[in-house]
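The structure appears right after this line, and notes come after that.
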Amino acid sequence: MSKTEDGYDLAVIDSNSPVRTTSYNYREGDTSFYHHYYGNFVPYTGKNTELRKLKKKVSKFCK
C-alpha cells in the first residue's frame, strides 16, 4: 500500500487467487472497487478462518 495525494494504491490478496496480488486504487470518497471481470464490488472477509490465514501470511511476509 502506498499513499497518494488523494487516496491509496493497494496490492490486495484475493482468497480466490492467493498466490498473487491484484492492484486497486482507492481515492477519497470511493465507495467500491472496480475489477474488469467482477465490475464494482465491496471486499469483505466472509470467514474468520480465512482472515486468520491471511494474517499469518502477512506476518511471515512483513518480518
Side-chain angles (χ1 to χ4, degrees):
M1 174 172 65
S2 59
K3 181 135 178 65
T4 64
E5 281 187 27
D6 58 348
Y8 294 89
D9 290 332
L10 308 169
V12 178
I13 299 170
D14 184 340
S15 62
N16 294 318
S17 183
V19 296
R20 65 182 180 90
T21 59
T22 303
S23 297
Y24 292 100
N25 306 97
Y26 168 80
R27 299 300 172 248
E28 190 172 329
D30 285 354
T31 58
S32 63
F33 289 109
Y34 178 80
H35 187 276
H36 67 278
Y37 181 76
Y38 301 118
N40 287 329
F41 71 98
V42 177
Y44 67 94
T45 301
K47 298 182 179 181
N48 287 333
T49 55
E50 192 174 274
L51 183 58
R52 281 193 295 274
K53 288 178 186 177
L54 288 172
K55 286 182 176 181
K56 187 176 179 178
K57 295 292 181 188
V58 167
S59 69
K60 286 182 180 180
F61 181 77
C62 298
K63 285 186 177 182

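One finds the OH atom of Tyr26 at 9.5 Å from the CG atom of Asp6 (value rounded to the nearest 0.5 Å). Taken to the nearest 0.5 Å, the CG atom of Asp9 stands 5.5 Å off from the OG1 atom of Thr4.
Across all their heavy atoms, Tyr34 and Tyr24 have their closest contact at O-CE2, 3.5 Å.
In this structure, the side chain of Arg27 engages the main chain of Tyr8 through a donor-acceptor pair within 3.5 Å.
Using cut-offs of 30° and 60° for the angle between ring planes, the Tyr38 and His35 rings count as tilted.
Residues Phe33 and Val12 have side chains not in contact (no heavy-atom distance under 4.5 Å, counting atoms from C-beta outward).
Around the NZ atom of Lys3, the shell of radius 6.0 Å holds more than 12 heavy atoms that belong to other residues, nucleotides or ligands.
In the hydrophobic clustering of ILVMFWY residues, with side-chain heavy atoms under 4.5 Å counting as a link, Val42 and Leu10 come out apart.
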